[in-house]
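First up is the structure itself, then whatever we jot down about it.
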Amino acid sequence: MSNARGDDPLLSLRDVSIHFHKERLFGLAGSETVHAVDDVSLDIYENDVVALVGESGCGKTTLGKTAIGVQRPTEGSVLYRGQDIWETKSGSGLFGGRGDDEYAAKEIRRSLQMIHQDPGSSLNANYTIESILSAPLERWQPEMTEADRRVRIYGLLEYVGMTPAKDFAGRYPHQLSGGEQQRVALIRSLLMNPDLILADEAISALDVSLRAEMMELMLELQEQFDTSYLFISHNLANAKHLTQRAGGRIGIMYLGELVEIGTPEQIIHDPQHPYTKVLLWATSDLRNRTGVDTPPVRSLDIPEPTDPPSGCRFHTRCLEARTACTRDCPSLEDHDGDGRRTACFRRDATHEYWESEPLAGDANAAEENAVGGD
Ligand code: SF4
């Protein structure tokens, strides 16, 4: 569906960790550290689609915001076409860059855009749709005349099904449905000619019937505008739909870590990380692929990100956990040379995991509502 993926990374996250300090509850003195994201590395290419999936609070939104330069990493770096975006921003050049950077901070900001779950809050209620869509064109294509801008805006409104375009162009955001607002938000970000759009739960608020339609539109516009998407979702079925059509990848996050990443065929049809299997089970459209009736977890409790478990963070819930999992942290590795990377000792036939004892515990304790999903 999408254009050919570029060879060089457009954006590279290198060993990114993001920690927050949170005041303790109940008046206890001091603060605790929230491990929102820990040691994540990820490359996103031109014309790429990467979906990050995980339960609420797993760090996927924080990681997405870090990828587009909204959130500064505590450790690690974010590279735009090989250039550290935070080194660029912290300098003293014309646009905040150092002056000798290949890409100025202003250019990087334009290249990395975002559409939110709630487009109503990101579209200025005091402006008409035409004014909202004219703004990026006036800024980034100042050579365009007002008439040219109008032709372009009307053309895009018609393309996304908002006809008659003149009628929609004169409306205010509150006069549009949620789906129409999201289409306007998508058009507006694309008019900046971005290299990457972070779509953070961008279709979650839409009716189920509109979700597939919106994803198809995103893919069609991707071809026209030559952009990439970082798609954040708690719904594995939506991630599958989008990445399968685009030839993209799905990354699974658990408690701040990327635990598996691969093509939708690898993740959906042949999941290797035990947590990926939990997410499959928690997704009603995909549950029958797991072949089990009960959720494949040993505990209902999701650990606090202020106090993540030792070793493999999933060991407190993993049905396959052994004592070795409580001590060491598995790294994300390509075990089969097929591009899929998984962080689990079971993928290494020589690991001491196989000699260690299974963890004690009630493996059948989980109830159907143990894990989030649709
Ligand atoms: S390393 Fe151990 S606890 Fe972690 S996912 Fe693999 S088997 Fe489960």
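Both backbone and side-chain heavy atoms feed into the values below; hydrogens, waters and symmetry mates do not. Order of appearance sets the numbers: ligands from 1, and atoms from 1 within every ligand. Start at 1 with the first residue, then count along the sequence.
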Exercise. Kindly confirm or rule out a cation-pi arrangement of Arg171 over Phe168, judged by NZ or CZ under 6.0 Å from the six-membered ring centre and within 45° of its axis?
Key: yes
Quiz item: Can you tell me if Arg149 uses its side chain to pair, donor with acceptor, with the backbone of Met144 under 3.5 Å?
Solution: yes
Quiz item: Does the side chain of Tyr45 reach to within under 4.5 Å of the side chain of Val50, using non-hydrogen atoms?
Solution: no
Exercise. Could you grab the distance from atom CG of Leu63 to atom CD of Glu257, nearest 0.5 Å is fine?
Key: 12.0 Å
Quiz item: So do Glu213 and Leu206 actually touch side chain to side chain, heavy atoms under 4.5 Å?
Solution: no
Quiz item: Can you list the protein N, O or S atoms less than 2.8 Å from atom 6 (Fe) of ligand 1?
Solution: Cys344 SG
Quiz item: Rounded to the nearest 0.5 Å, what separation is found between the CG atom of Leu359 and the CD atom of Glu320?
Solution: 11.0 Å
